[in-house]
Amino acid sequence: MSRLPNIISASRAATAVIMLFFPVFSVPFWLIYSWCGLSDMIDGPIARKMNAESELGSRIDSLADLVFVVCACIMILPAITLPVWIWIWVAAIGIAKTVAICIGSSRQHRLAVPHSRANKLTGLLLFCLPFALIWLDPVIPSIIVCAVATLSVK
């Protein structure tokens with residue numbers, strides 16, 4: 001039972017890949033996308049409650065997050081239209097976050113992905129962004145997510 005958090009995290013990676021086989025914004029896409037977000041929210045608290053936190057679990061969680069983000073981007077980004085300046089902003093954030101992770105990792109001699117409140121808020125807003133696209137023009141929610149993501153770079 002102490003493996004449950006790791007199983008939940010690993011399921012996020014597996015279902016994110018399965019998401020690639022469904023049309024973007026279809027019911028199966030939304031179900032899988034929602035499971036991926038929910039699993040990301042519950043695996044850590046379950047690990048802490050079960051006293052099952054581990055370095056392996058942290059790595060599985062980070063890898064599952066990466067797989068989910070890549071799969072979601074593969075699906076969602078081609079389906080939306082944004083001005084070039086937003087794409088430039090997104091690229092700048094990506095570069096800044098990558099540099100921050102590399103610097104932190106070299107200092108700590110292990111992969112260092114900060115789980116700060118600002119990063120968690122950025123992740124939550126980024127997760128909610130596709131849902132916002134149902135009702136809103138993508139520019140406004142994208143600006144909000146980019147602004148918070150910019151402020152979370154350390």
Side-chain angles (χ1 to χ4, degrees), residues 1-50 52-82 86-87 89-102 104-105 110-136 138-139 141-150 152-153:
M1 198 50 114
S2 64
R3 295 185 206 156
L4 180 62
N6 293 351
I7 292 168
I8 292 170
S9 296
S11 77
R12 178 167 58 260
T15 54
V17 171
I18 292 168
M19 182 173 64
L20 296 172
F21 296 96
F22 294 97
V24 68
F25 306 141
S26 66
V27 171
F29 169 87
W30 286 120
L31 291 172
I32 293 168
Y33 185 85
S34 296
W35 164 251
C36 289
L38 176 65
S39 69
D40 190 31
M41 288 186 267
I42 65 172
D43 59 357
I46 289 173
R48 286 186 287 281
K49 185 166 179 82
M50 297 177 71
E53 297 171 280
S54 68
E55 183 67 30
L56 174 63
S58 176
R59 289 182 182 185
I60 293 170
D61 180 59
S62 293
L63 178 63
D65 289 347
L66 177 63
V67 171
F68 173 50
V69 167
V70 168
C71 291
C73 286
I74 289 169
M75 297 293 294
I76 296 167
L77 294 181
I80 62 173
T81 303
L82 292 170
I86 290 183
W87 291 116
W89 194 1
V90 168
I93 292 166
I95 292 167
K97 290 224 178 238
T98 300
V99 168
I101 289 170
C102 289
S105 296
R110 65 178 183 85
L111 181 63
V113 181
H115 286 84
S116 67
R117 286 190 177 134
N119 279 335
K120 288 181 180 187
L121 177 60
T122 300
L124 176 64
L125 291 175
L126 192 56
F127 173 75
C128 293
L129 181 63
F131 294 105
L133 299 177
I134 296 169
W135 298 285
L136 301 171
V139 173
S142 297
I143 290 170
I144 293 168
V145 172
C146 285
V148 173
T150 299
S152 74
V153 175

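The residues of the chain are indexed from 1 along the displayed sequence.
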What side-chain donor-acceptor pairs closer than 3.5 Å can you find for residues 17-28, not counting sequence neighbours?
unit_1, atom_1, unit_2, atom_2, d
S26, OG, P23, O, 2.7
S26, OG, F29, N, 3.3

To the nearest 0.5 Å, how far apart are CG in D40 and CG in L124? 10.0 Å
Can you find a heavy atom in the side chain of P45 that is under 4.5 Å from one in the side chain of R48? yes
Rounded to the nearest 0.5 Å, what's the gap from CH2 on W30 to CD1 on I32? Could you check? 12.5 Å
What's the verdict on side-chain contact (heavy atoms from CB on, under 4.5 Å) for D43 and N6, showing C-alpha distance, side-chain angles and the deciding distance? CA-CA 7 Å; D43 59 357; N6 293 351; over 6 Å; no
S39 side, atom OG; I7 side, atom CD1 - distance, nearest 0.5 Å: 13.0 Å
Point-to-point distance, once rounded to the nearest 0.5 Å, from CD1 of I93 to CD1 of I86: 10.0 Å
Closest approach of V67 and A13, non-hydrogen atoms and distance? CG1-O, 3.5 Å
Do the side-chain N and O atoms of S152 and K120 include a donor-acceptor pair separated by under 3.5 angstrom? no
Y33 and F127 aromatic ring geometry - parallel, tilted or perpendicular at 30°/60° bounds: parallel
Between L77 and I80, is the side-chain contact (heavy atoms from CB on, under 4.5 Å) condition met? List the steps. CA-CA 6 Å; L77 294 181; I80 62 173; 4.3 Å; yes
What distance separates C128 SG from I144 CD1, expressed to the nearest 0.5 Å? 11.5 Å
Go through it in stages, so that I can follow the logic: the residues are R12 and S9, the test is side-chain contact (heavy atoms from CB on, under 4.5 Å), and I'd like the CA-CA distance, side-chain angles, deciding distance and then a yes or no. CA-CA 5 Å; R12 178 167 58 260; S9 296; 4.0 Å; yes
For residues C36 and A16, report the shortest heavy-atom separation together with the two atoms involved. SG-N, 3.9 Å
Interatomic distance, CG@L125 vs OG@S142, rounded to 0.5 Å, equals 11.5 Å
Would you please say whether a donor-acceptor pair under 3.5 Å links the side chains of W35 and S11? yes
Could you check whether any side-chain heavy atom of F131 comes within less than 4.5 Å of a side-chain heavy atom of S34, counting everything from C-beta outward? yes
With side-chain contact (heavy atoms from CB on, under 4.5 Å) as the criterion, how do C102 and T98 come out once you've worked through the C-alpha distance, each side chain's angles and the decisive distance to 0.1 Å? CA-CA 6 Å; C102 289; T98 300; 4.2 Å; yes
